[in-house]
Number of protein chains: 2
Amino acid sequence: MSEFTDIASGELPLGMLLNTIGRLVFEETHRRLSGMEVDVIGLGILWLVDSAPGQLQSEYARFQKRDQTTFGRYVDKLEGKALLVRTPVPDDRRARTLELTSKGREFLTEGKRRAHAAEAAIVGPPSPDLMQVRRFLTERLNSDMLR
Amino acid sequence: MSEFTDIASGELPLGMLLNTIGRLVFEETHRRLSGMEVDVIGLGILWLVDSAPGQLQSEYARFQKRDQTTFGRYVDKLEGKALLVRTPVPDDRRARTLELTSKGREFLTEGKRRAHAAEAAIVGPPSPDLMQVRRFLTERLNSDMLR
DNA sequence: TATTGTTATACTCTATAACTATA
DNA sequence: TATAGTTATAGAGTATAACAATA
């Protein structure tokens, strides 16, 4: 495999890098969440809702740059596991806000712990470099340039 | 959406960051490669094969941390578009090596250009920060710790 | 007319299992 | 027994289209 060493230090397409490393982190996290029946995406939704509870489902979907349908399907699953609840909005009878259940908050605590362990297994322990990567990606996610 | 601003500067799960940004880059690249019917992954394979031609198909799959079946299916597609060729190995009649066609090399040149434009649309123009992110991810991909 | 959300549907990515051929 | 590769199949992620209810 040493034939590839030089290649990898070149300019790999960022899309491929994110895809590959992302897939590895995803799989590792999934393995470590086994028995909990929630994957990285479900965990990310719980985390998001917990951090800013009571927003509209569509607001969360928009923030995650995710299609409403796709997002709704995840919410179905999480609601089915009683990790969060949909609450009707009195002012707007189309809308639902989201909120974690106490079971959901418990799950989130343990889930985050396991997710961080999984990350460390793939990208190494917390470090200034890793923090910078995280910061860069977070800033881009927050950018209004996207969608 | 400003309700989320503070959240995003917190510690989002890396898996989710990679997944979300990766998906956006993937989709944008796909859009810009449209008409060429090759996505980021196909492009990554062409790039890899071009950089170290004549290796076994299985070697490339291993380097990309990708299942043989999945990798093989991409090779099918690329071969179907005459962008690369499989060549039997005289010494080992089970094995095939991969190599780009001249059409494949032409495609790669243009494809890389478009992929970089797509990346810039999502994560911004080349910058020291972006380079560092790329370097970090590349190093992790190269790490023997994985798989 | 536009928005919130769901249902039905289809497509793609990915891997597992089983297999052939070969080493 | 192990490896290179393919075929068949299934599961999960994702989005589009069509729709209902509401604003």
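Chain naming here is simple, since letters A, B, ... match the order of the sequence lines and numbering starts at 1 in each.
Using a 4.0 Å cut-off, no side-chain N or O of A:Lys65 falls inside it from OP1 or OP2 of D:dT14. Taking 4.0 angstrom as the limit, A:Thr70 places none of its side-chain polar atoms (N or O) nearer than this to OP1 or OP2 of D:dG13. Phosphate contact (OP1/OP2 of C:dA15, side-chain N/O of A:Arg23, threshold under 4.0 Å): present. The phosphate of D:dT6 (OP1 or OP2) has a side-chain N or O of B:Arg86 nearer than 4.0 angstrom. B:Ser58 has a side-chain polar atom (N or O) that falls below the 4.0 Å cut-off from OP1 or OP2 of D:dG5.
Nearest nucleotide to the B:Glu27 side chain, out of D:dT14, C:dA8, C:dA15: D:dT14. Distance from the side chain of B:Asp67 is smallest to C:dT16 among C:dT14, D:dA4, C:dT16. Checked against C:dT4, C:dG5, C:dT3, the side chain of A:Arg96 finds its nearest nucleotide in C:dG5. Relative to the side chain of A:Tyr74, the nucleotides D:dA4, D:dA23, D:dG13 differ in distance, and D:dG13 lies closest. In this structure, of D:dA23, D:dG5, C:dT4, it is D:dG5 that holds the atom nearest to the side chain of B:Gln57. Residue B:Arg62 places its side chain closer to D:dA4 than to any other of C:dG5, D:dA4, D:dT22.
By the 4.5 Å heavy-atom criterion applied to side chains, B:Leu48 and B:Gln64 are counted as neighbours. Residues B:Val89 and B:Arg96 have side chains not in contact (no heavy-atom distance under 4.5 Å, counting atoms from C-beta outward).
With salt bridges taken as basic N to acidic carboxylate O contacts below 4.0 Å, one links B:Arg134 and B:Glu119.
Positionally, the nearest nucleotide of DNA chain C for A:Thr97 lies more toward the 5' end than for the other of A:Thr97 and A:Asn19. Nearest-nucleotide assignment on DNA chain D puts the 5′-proximal partner with A:Ile41, out of A:Ile41 and A:Pro90. For the pair A:Asp76 and A:Arg73, nearest-nucleotide mapping onto DNA chain C gives the more 5' position to A:Asp76.
Between the P atom of C:dT4 and the CG atom of A:Leu98 lies a distance of 13 Å, rounded to the nearest Å. The OH-P distance, from B:Tyr60 to D:dA4, rounds to 14 Å in whole Å. To the nearest angstrom, C1' of D:dT14 lies 11 Å from CZ of B:Phe26. In this structure, B:Leu56 atom CG and C:dT22 atom P are separated by 16 Å, rounded to whole Å. Rounded to whole angstrom, the span from the CG atom of A:Leu78 across to the C1' atom of D:dG13 amounts to 14 Å. Between the CZ atom of B:Arg66 and the C1' atom of D:dG5 there is a distance of 17 Å, given to the nearest Å. One atom, CE of A:Met16, and another, C1' of C:dC13, lie 16 Å apart when rounded to the nearest Å. For the pair A:Lys77 NZ and D:dT14 C1', the interatomic distance rounds to 11 Å; values are reported in whole Å.
With hydrogens and angles ignored, no donor-acceptor pair closer than 3.5 Å exists between the side chain of B:Arg93 and the base of C:dT22.
Judged purely by distance below 3.5 Å, without hydrogens or angles, the side chains of B:Asp129 and B:Ser127 never pair a donor atom with an acceptor atom.
Considering all non-hydrogen atoms of both residues, A:Ile21 and B:Leu137 come closest at CD1-O, 3.7 Å.
Between the side chain of A:Lys103 and the backbone N or O of A:Leu84, no donor-acceptor pair lies under 3.5 Å.
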